[in-house]
2 protein chains.
Amino acid sequence: MKAGKGKKIDAEEFDLEQFLPYLLNQAAEATSRAFQEVYRTTYGMTRTQWRILANLGRFGAMTARDICRISHIEKTKVSRAITALEREDLIDRRVSETDRRAEILTLTPRGEERFAELGRKAIEHDRQVRAQLGAEVAEQFAAVLRTLIASAQGRGEADDAPD
Amino acid sequence: MKAGKGKKIDAEEFDLEQFLPYLLNQAAEATSRAFQEVYRTTYGMTRTQWRILANLGRFGAMTARDICRISHIEKTKVSRAITALEREDLIDRRVSETDRRAEILTLTPRGEERFAELGRKAIEHDRQVRAQLGAEVAEQFAAVLRTLIASAQGRGEADDAPD
DNA sequence: GCCATATAGTTGCACTTGCAACCATGTCAA
DNA sequence: TTGACATGGTTGCAAGTGCAACTATATGGC
């Protein structure tokens, strides 16, 4: 059999379907897909746009930079999503008076409305997932996820989830 | 306060950081990031390419269609990844004799070598993640992930994880 | 004030992606 | 056999994306 510098890998040893990163990705994608339908097909929004809307709805006015820090999304992605959200009249931007480089973002009434709409559906979606797992399991599960996120952030990068 | 057709959402009720899909995405991304470095910066491979390599290494010769079915990756993505892998002389394709539409894919010696190399590192990476969680927690965690994946697949779509 | 350096945000570019449309082959039924 | 439909795989196109380079403003030392 062929061997490079290392030993050949055993098929039993290498079980792709057991790999946590692999499972994690599949699960994340599967779970997001469902909800993506809501904002995507109903409103033509991207994940980034939805996330920004959610952050502004949840935490109130803030700058693009704040959003980057909080949600670990690339700043160019944020910039373009903001442009799109503004074009749709969902957010307002006004130059900060204390720092004229920065722009304060707020939801417009229309933005509030959409946030309320999507937020309710997000809560509902989350409830369904939790219900499926059972409350206790869901909580443990969430705890593990937080562990993984925290440890990665501690180690170095953190960052974004794709669309 | 502004209200659309639905009630306004309570900031406490809408806690983005508690949402399972959100946590799941962050965790998945964080966990993959680390390993992505290996195949990406060392070999310039994409996630799809690595996954195809892994599947061929694990299960042996198969068609692009099989890979789609097994790993739930979009067929165009598979098609292009295969083209790239072939250009790098990592896989061979030959037309199936029983169905001349299909192409049987196999790893070249060079492909085997790279699979061995990356496979070893993947196992190592998985071990680290599991070690961090503890064996028992890791197993329960994996079980939950499988539940989520299965339920999504049953419900309708399944599909892919992004790069 | 003036310069060097840092930061908020945008833009150009090259690349990846998903979708629909497409080509070639296979299948099944009359 | 032939025609209608299904299937494996590729390609054109219109997004979305990351990165590096850029503009404009801010800040701190001199």
Side-chain angles (χ1 to χ4, degrees), chain A residues 25 29 32-33 36-37 39-41 43-52 56 61-88 91-105 157-163, chain B residues 25 29 32-33 36-37 39-41 43-52 56 61-88 91-105 157-163:
Chain A
N25 263 302
E29 193 55 24
S32 293
R33 247 335 127 135
Q36 184 168 337
E37 286 309 296
Y39 54 75
R40 189 158 155 238
T41 74
Y43 295 117
M45 292 171 73
T46 66
R47 177 127 94 212
T48 306
Q49 288 168 232
W50 154 237
R51 289 235 252 151
I52 289 174
L56 288 174
M62 59 172 86
T63 69
R65 179 74 186 126
D66 295 331
I67 293 178
C68 290
R69 283 202 208 288
I70 290 178
S71 56
H72 306 286
I73 309 182
E74 264 274 323
K75 68 178 183 170
T76 51
K77 224 160 141 181
V78 170
S79 172
R80 288 192 254 243
I82 286 173
T83 304
L85 288 170
E86 191 190 27
R87 203 164 38 221
E88 292 260 352
I91 66 174
D92 249 358
R93 55 205 325 186
R94 85 189 124 77
V95 173
S96 159
E97 292 177 4
T98 62
D99 182 344
R100 277 192 341 232
R101 293 168 304 178
E103 298 188 310
I104 315 284
L105 308 170
E157 264 303 88
D159 274 346
D160 183 27
D163 188 42
Chain B
N25 262 303
E29 194 54 24
S32 293
R33 258 312 140 146
Q36 184 168 339
E37 285 309 294
Y39 54 75
R40 184 155 161 240
T41 74
Y43 295 117
M45 291 171 74
T46 66
R47 178 127 95 211
T48 306
Q49 288 169 231
W50 153 238
R51 289 233 251 149
I52 290 173
L56 288 174
M62 60 172 86
T63 69
R65 180 68 184 131
D66 294 332
I67 293 177
C68 290
R69 282 203 209 285
I70 291 178
S71 56
H72 306 285
I73 309 181
E74 264 273 323
K75 66 179 184 171
T76 53
K77 224 160 142 181
V78 170
S79 172
R80 290 192 251 244
I82 286 173
T83 305
L85 289 170
E86 190 189 27
R87 203 165 39 223
E88 292 260 354
I91 66 173
D92 249 358
R93 57 204 326 185
R94 88 190 123 76
V95 172
S96 160
E97 292 177 5
T98 61
D99 181 344
R100 278 188 347 227
R101 291 169 305 180
E103 299 188 311
I104 316 283
L105 308 170
E157 266 301 87
D159 275 345
D160 182 28
D163 186 43

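Within every chain, numbering begins at 1; the chains are lettered A, B, ... in the order of the sequence lines, protein sequences first and strands thereafter.
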task = Could you tell me, to 10°, how much the axis swings from one end of the helix from dG1(C)-dC30(D) to dA30(C)-dT1(D) to the other, five pairs per end?
result = 10°
query = Rounded to the nearest 0.5 Å, how far apart are CD1 of I67(A) and CG of L105(A)?
reply = 5.0 Å
request  = Grab the NE2-C1' distance between H72(A) and dG18(D) for me, whole Å please.
outcome  = 18 Å
Pull out every protein N or O sitting under 3.5 Å from an N or O of nucleotides 10-15 of chain C, one pair per line with the distance.
| unit_1 | atom_1 | unit_2 | atom_2 | d |
| --- | --- | --- | --- | --- |
| dT10(C) | OP1 | R93(A) | NH2 | 2.7 |
| dT10(C) | OP2 | S79(A) | OG | 2.5 |
| dT10(C) | O5' | S79(A) | OG | 3.4 |
| dG12(C) | O6 | R80(A) | NH2 | 3.1 |

ask   = Can you check the R33(A) CZ to dT17(C) P distance for me, whole Å?
value = 13 Å
task = Round to the nearest Å and state the distance from E74(A) atom CD to dT16(C) atom P.
result = 17 Å
note = Whole-Å distance, R100(B) CZ to dT27(C) C1', equals 15 Å
query = Quick one: do the T98(B) and S96(B) side chains pair a donor with an acceptor below 3.5 Å?
reply = yes
ask   = Which nucleotide in the set dG9(C), dG18(C), dG18(D) lies at the smallest distance from any side-chain heavy atom of T63(A)?
value = dG9(C)
message = Please report the interatomic distance OG1(T83(B)) to CD1(I91(B)), rounded to the nearest 0.5 Å.
response = 8.0 Å
ask   = Hey, what do you get for CZ (R94(A)) to CD (E103(A)), rounding to the nearest 0.5 Å?
value = 10.5 Å
Heavy-atom closest pair, residues R69(A) and R65(A) = NH1-NH2, 2.8 Å
key: I73(B) CD1 to dG8(D) C1', straight-line distance once rounded to whole Å   = 16 Å
request  = Grab the NZ-P distance between K77(A) and dG16(D) for me, whole Å please.
outcome  = 12 Å
ask   = Under the 3.5 Å rule, do the base of dT7(C) and the side chain of R101(A) count as making a donor-acceptor pair?
value = yes
ask   = For S96(A), which contact category applies under a 4.0 Å heavy-atom criterion: base, sugar-phosphate, or nothing?
value = nothing
request  = Give, for atom CD1 of I52(B) and atom OG1 of T46(B), the distance between the pair rounded to the nearest 0.5 Å.
outcome  = 7.5 Å
inquiry  = Just so I know, are the side chains of I104(A) and E97(A) near enough to count as touching, which here means a heavy-atom distance under 4.5 Å?
reply    = no
note = Distance col, row L56(B):CG vs I82(B):CD1, nearest 0.5 angstrom, shows 7.5 Å
query = What integer distance in Å separates I67(B):CD1 from dT10(D):P?
reply = 11 Å
ask   = Can a salt bridge be assigned to the pair E37(A) and R33(A) using a cut-off of 4.0 Å between side-chain N and carboxylate O?
value = no
request  = Provide, to the nearest angstrom, the distance between the CD atom belonging to E97(A) and the P atom belonging to dA26(D).
outcome  = 12 Å
